[in-house]
Amino acid sequence: MLETQASVFTEPLSFRIIFRVLGSMRLAVHLLLFVAIASIIGTILPQQEVYTDYLHQFGTFWFTVFGNLDLYDVYRCGWYMGIVAFLIVSTTVCVFRNAPSMLREMRHVKSNPSESFLQSRPEQFESFSSKSDIESAQSATATLSDFGYQARVLKTSTGDSVIFAQKGRFYRTGYLLTHVGIVLWFLVISSG
């Protein structure tokens, strides 16, 4: 008979692992799901009424079960506030983890991208013109500027002219503002 041993994870829990788990999307989605389920229960079940009304409405057994689960005051019970607090911590960790790189990307425009970077971009267009390189480049950069792009002419190693155009570098501002708003909203709700 063969004996197998399961490998045991013996590495101590480090701050980095906890930080990664707290800021994970999977945890945030599960916490939001729990908050939504608890909120549905709190919406369906009348809250903060006289206990005798609950006893008459649900009977002795369900009155006791609902009472033990703190379902008569869902939004102020310990387990709901714990889930909300955990969600606040998770969202805050997510913002602290992602905000520096997003702000760095917003501040620094890629001024001299490599040829491999340019080749890897799916948004490419190749054109040949009877105009001179300078006229074509000026016309193309003016057209791109009209559409809100920041365009500049680059020279490749083969001597060809390439126009590199970017726009929307501040689109991640919405992500940051949304997550900070969620944290502030939950803080206001939990304090009230």
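Computed from a predicted model, the values in this text were never measured in an experiment.
Atom CD of Gln47 and atom CG of Leu71 lie 8.0 Å apart (nearest 0.5 Å). Taking CG of Leu69 as the reference point, atom CG of Leu45 lies at 10.5 Å (rounded to 0.5 Å). Atom CD1 of residue Ile182 and atom CG of residue Leu187 lie 12.0 Å apart, to the nearest 0.5 angstrom. A distance of 9.5 Å separates SG in Cys94 from CZ in Phe19, rounded to the nearest 0.5 Å. Separation of atoms CE (Met25) and NE2 (His30) is listed at 12.5 Å; rounding is to 0.5 Å.
Considering every non-hydrogen atom in both Val153 and Ala137, the closest pair reads CG2-CB, 3.5 Å. Annotation for Ser39 and Tyr80: closest pair OG-OH, 3.5 Å, computed over non-hydrogen atoms. In terms of heavy atoms, Asn98 sits closest to Ser101 at O-OG, 3.1 Å.
Note: the hydrophobic cluster containing Trp185 also contains Val35 (ILVMFWY, side chain heavy atoms under 4.5 Å, direct or indirect links). Placement of Val29 and Leu32 in two distinct hydrophobic clusters is found when ILVMFWY residues are connected by side-chain heavy-atom separations under 4.5 Å, directly or transitively. By the criterion of side-chain heavy atoms lying less than 4.5 angstrom apart, applied directly or through intervening Ile, Leu, Val, Met, Phe, Trp or Tyr residues, Leu31 is grouped together with Ile18 in one hydrophobic cluster.
For Asp53, there are no side-chain hydrogen bond (donor to acceptor under 3.5 Å, both in side chains) partners at least two apart in sequence or on another chain. By the ring-ring contact (aromatic ring centres under 6.0 Å, His included) test, Tyr72 is found to be paired with Tyr51, Tyr54, Phe63, residues two or more places apart in sequence or in another chain being considered. Partners of Trp62 according to the ring-ring contact (aromatic ring centres under 6.0 Å, His included) rule, which considers only residues two or more places apart in sequence or in another chain, are Phe66. Asp73 pairs by the side-chain hydrogen bond (donor to acceptor under 3.5 Å, both in side chains) definition with Gln48, not counting sequence neighbours. Legend: residues meeting side-chain hydrogen bond (donor to acceptor under 3.5 Å, both in side chains) with Gln138, ordered by chain and number and at least two apart, are absent.
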Donor-acceptor pairs under 3.5 angstrom involving side-chain atoms of residues 84-92: please list them, not counting sequence neighbours.
{"unit_1": "Ser90", "atom_1": "OG", "unit_2": "Leu22", "atom_2": "O", "d": "2.6"}
{"unit_1": "Thr91", "atom_1": "OG1", "unit_2": "Leu87", "atom_2": "O", "d": "2.8"}
{"unit_1": "Thr92", "atom_1": "OG1", "unit_2": "Ile88", "atom_2": "O", "d": "2.7"}

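Side-chain atoms of Tyr149 and Thr141, non-hydrogen and from C-beta on, never get closer than 4.5 Å to each other. Looking at heavy atoms from C-beta onward, Trp79 lies in side-chain contact with Val74 at the 4.5 angstrom threshold. Residues Val183 and His179 are not in side-chain contact: their nearest non-hydrogen atoms beyond the backbone lie 4.5 Å or more apart. In this structure, Leu27 and Ser24 have side chains that are in contact, with non-hydrogen atoms separated by less than 4.5 Å.
When atom types are taken as modelled, the side chain of Gln57 and the backbone of Leu55 share no donor-acceptor pair closer than 3.5 angstrom.
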